[in-house]
Amino acid sequence: MKIRSVIAALVLVLGVLFTPGVGILGGATEAHAATKISHATATSMFRSSGITWSSSGGCSDRYNSTCTSFEQLNLATAKGAQTLKSASGCALNITGGTEVGHAGGTYSHWNGYKLDFSKYTCLGTYIKNTFTYIGLRGDGAPQWKSGAGNVYADEGSHWDVTYYNCGGC
């Protein structure tokens, strides 16, 4: 009876350790269920951290490409932006969220993994001096990878950031 309890406990522990996104094998290459948040929750989180946002259309409709929406943003993405703000000490202005008009894919804006940030000297210097340059993306955008595995791409007019996790929050 005692051996059965030990084996059951071991199976539970191993299950947690090897669950994608949770255990030691979870990583930036595995898609897993993410906690989604509302636009209101995201804006509250950003406001509390001193992060601003703007849109060319002055709106937040997810189905309008001129808006900046945070509807269905991953909680880890919002926390990742907060981590970037606190770690860098730089001003952060979000110009792109989960609205239509961005490239598709698993780790896309629409699926809540990406945010676009205005380019500021402080932010660019922080990214380039803190993270590891990993080469050009398929479209030619230079990329840097944080120690947490998040990827920062310089798209010329803005930073396109893919958050696989909250960046050490």
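We number each residue from 1, following the sequence as shown.
Sorted by first and then second residue, the ring pair (Phe, Tyr, Trp, His ring centres under 6.0 Å) pairs involving residues 135-154 (not counting sequence neighbours) are Phe131-Tyr152, Tyr133-Trp144, Trp144-Trp159.
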In sequence, state the C-alpha distance, the side-chain angles, and the governing distance for Lys79 and Met45, and then conclude on side-chain contact (heavy atoms from CB on, under 4.5 Å).
CA-CA 8 Å; Lys79 287 183 175 184; Met45 290 174 68; 3.8 Å; yes
Any chance you could lay out the side-chain contact (heavy atoms from CB on, under 4.5 Å) test for Thr41 and Leu73, step after step, and finish with the verdict?
CA-CA 10 Å; Thr41 298; Leu73 188 69; over 6 Å; no
Could you walk me through whether Ile37 and Thr77 pass the side-chain contact (heavy atoms from CB on, under 4.5 Å) check?
CA-CA 10 Å; Ile37 61 175; Thr77 301; over 6 Å; no
Show your working on side-chain contact (heavy atoms from CB on, under 4.5 Å) between His39 and Thr98 and close with a plain yes or no.
CA-CA 10 Å; His39 182 83; Thr98 60; over 6 Å; no
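Defined by atom type and a distance below 3.5 Å, a donor-acceptor pair is present between the side-chain atoms of Asn74 and Lys36.
A donor-acceptor contact shorter than 3.5 Å links the side chain of Arg62 to the backbone of Trp110. Of the possible donor and acceptor atoms, none in the side chain of Asp160 sits under 3.5 Å from a partner among the backbone N and O of Lys114.
Residues that satisfy the ring pair (Phe, Tyr, Trp, His ring centres under 6.0 Å) test with His158, not counting sequence neighbours, are absent from this structure. Contacts of Cys59 classified as side-chain contact (heavy atoms from CB on, under 4.5 Å), with partners at least two apart in sequence or in another chain: Ser55, Asn64, Thr66, Cys67. Among residues two or more places apart in sequence or in another chain, the side-chain contact (heavy atoms from CB on, under 4.5 Å) test is passed with Gln143 by Ile134, Arg137, Val151, Ala153. Every residue was checked against the salt bridge (Lys or Arg N to Asp or Glu O under 4.0 Å) condition with Asp116, not counting sequence neighbours, and none meets it. Partners of Thr125 under the side-chain contact (heavy atoms from CB on, under 4.5 Å) rule, at least two apart in sequence or in another chain, are Thr121, Asn129.
When all heavy atoms of Ala91 and Lys85 are compared, the pair lying nearest together is CA-NZ, 4.0 Å.
Under the 4.5 Å side-chain heavy-atom criterion for grouping Ile, Leu, Val, Met, Phe, Trp and Tyr, Tyr164 is not connected to Ile127 through any hydrophobic cluster. Placement of Ile94 and Tyr113 in two distinct hydrophobic clusters is found when ILVMFWY residues are connected by side-chain heavy-atom separations under 4.5 Å, directly or transitively.
Ring pair Trp53/Phe46 is tilted by interplanar angle, where 30° to 60° counts as tilted.
In this structure, the separation between CG on Leu75 and SG on Cys166 is 8.5 Å, given to the nearest 0.5 Å.
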